[in-house]
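The structure appears right after this line, and notes come after that.
Along the sequence shown, residues are numbered consecutively beginning with 1.
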Amino acid sequence: MSDTVIIEGPPIWVKSPYFKKPLKWVGRYYYGDEPRDIFANMVKRIAEKIADIVDSDNQAMVIISGPTSTGKSTLGLSIIAELCRIYKYDFNLDDIYIYSPEDMALKLDRKSPNRINWFDEGSVSLNSLETMTKEGRLFNKFFDTMRLRHYINIICIPEGKEVNARVVKHANLYIKCPKKAPFLGFDNRGFFHASIKIRYDSGKEWDQFIGTGIYPKLPKKLKLEYEKVKNAHNVVFEDEFIKGVLKK
């Protein structure tokens, strides 16, 4: 990616067929010979789009993929923060963070008013190699029945191919964090490419590219809270995993 167009002066606001409100256009980069726009407020618009999907009597499944340390979790948290603002939820990471089928079952039993689920390390339980395990079957069952409750599922995974086909079938939005920023002068972790799921008569999906977005770094307080919740859940998960291995 090269030959970046440098934008001077005030940003431009443009309309998009995918979002109700305009997007703030801040620059352009080239993917091969194809120019692609960069927007500053796509996180907010994506959260609003997710809310539209849910309000239309559907569940929302958002897959965020990309190599390690490309900002998937930061982006996931940014979207979740916007969703909590839209639905006026308390931002409680303990209630949002899901790390195992048992954890999901507890949330479903509690009938929490907060409908957001965040699988930060989705490949641990959703890897295609695990689809025939008890854990994989449980997750598939949850995803097949969540539509009735209009749940929002955000899954962060290293690569899209690591999620089994049944989960991908339910996805509405696909977001990819690139390994390298499209142009110099910005943090590599601050970019993402978004696509929306469109079904054609030919059966093709995922070929409606929305655009590239940028997002700010997490506030320090939120970042510390996230690290605390993630570490606590991972310790429990690792203990359970080790016990399962030892039983075998």
Shortest non-hydrogen contact from [X] to [Y]?
X	Y	result
Ile38	Arg28	CD1-N, 4.2 Å
Leu23	Ser16	CD1-CB, 3.9 Å
Ser73	Asp120	OG-OD1, 2.6 Å
Phe192	Ile214	CE2-N, 4.1 Å
Ile96	Cys84	CD1-SG, 4.1 Å

In Å and rounded to the nearest 0.5 Å, what is the [atom1] to [atom2] distance from [X] to [Y]?
X	Y	atom1	atom2	value
Met61	Leu173	CE	CG	11.5 Å
Asn153	Asn117	CG	CG	5.0 Å
Leu83	Ile152	CG	CD1	5.0 Å
Lys176	Tyr174	NZ	OH	6.0 Å
His193	Phe209	NE2	CZ	6.0 Å
Ser78	Leu218	OG	CG	5.0 Å

Tell me, with the steps shown, if Ile50 and Val62 meet side-chain contact (heavy atoms from CB on, under 4.5 Å).
CA-CA 8 Å; Ile50 291 170; Val62 183; 3.5 Å; yes

Would Ile210 and Phe19 count as a side-chain contact (heavy atoms from CB on, under 4.5 Å) if you check the C-alpha gap in whole Å, the side-chain angles of each, and the deciding distance to 0.1 Å?
CA-CA 10 Å; Ile210 295 175; Phe19 305 113; 3.5 Å; yes

Is there a side-chain contact (heavy atoms from CB on, under 4.5 Å) between Ile63 and Ile157? Walk through the geometry before answering.
CA-CA 8 Å; Ile63 294 177; Ile157 53 172; 3.8 Å; yes

Is it the case that one hydrophobic cluster holds both [X] and [Y], taking links as side-chain heavy atoms less than 4.5 Å apart, direct or via other members?
X	Y	value
Ile155	Ile53	no
Trp13	Tyr18	no
Ile86	Val54	yes

Any carboxylate oxygen within less than 4.0 angstrom of a Lys/Arg side-chain nitrogen, looking at Glu82 and Arg85?
yes

Do Lys20 and Asp52 meet the salt-bridge criterion of a basic N to acidic O distance under 4.0 Å?
yes

Given Phe119 and Ile154, is the side-chain contact (heavy atoms from CB on, under 4.5 Å) satisfied, shown in steps?
CA-CA 6 Å; Phe119 300 87; Ile154 297 175; over 6 Å; no

Between [X] and [Y] (side chain of the first, backbone of the second, donor and acceptor by atom type, cut-off under 3.5 Å), is there such a pair?
X	Y	result
Asp90	Asn92	no
Lys72	Cys177	no
Asn41	Lys24	yes

Sequence neighbours excluded, the answer for side chain to side chain donor-acceptor pair (under 3.5 Å) partners of Arg36 is none

Does the side chain of Tyr215 come under 3.5 Å of the side chain of Thr74 through a donor N or O and an acceptor N or O?
no

I'd like to know if the side chain of Tyr89 pairs up with that of Asp95 as donor and acceptor (distance under 3.5 Å, no hydrogens or angles considered).
no

Find out whether the Lys NZ or Arg CZ of Arg45 is both under 6.0 angstrom from the six-membered ring centre of Phe39 and within 45° of the ring's axis.
no

On the 0 to 90° scale, with breaks at 30° and 60°, tag the Tyr97-Trp118 ring pair as parallel, tilted or perpendicular.
perpendicular

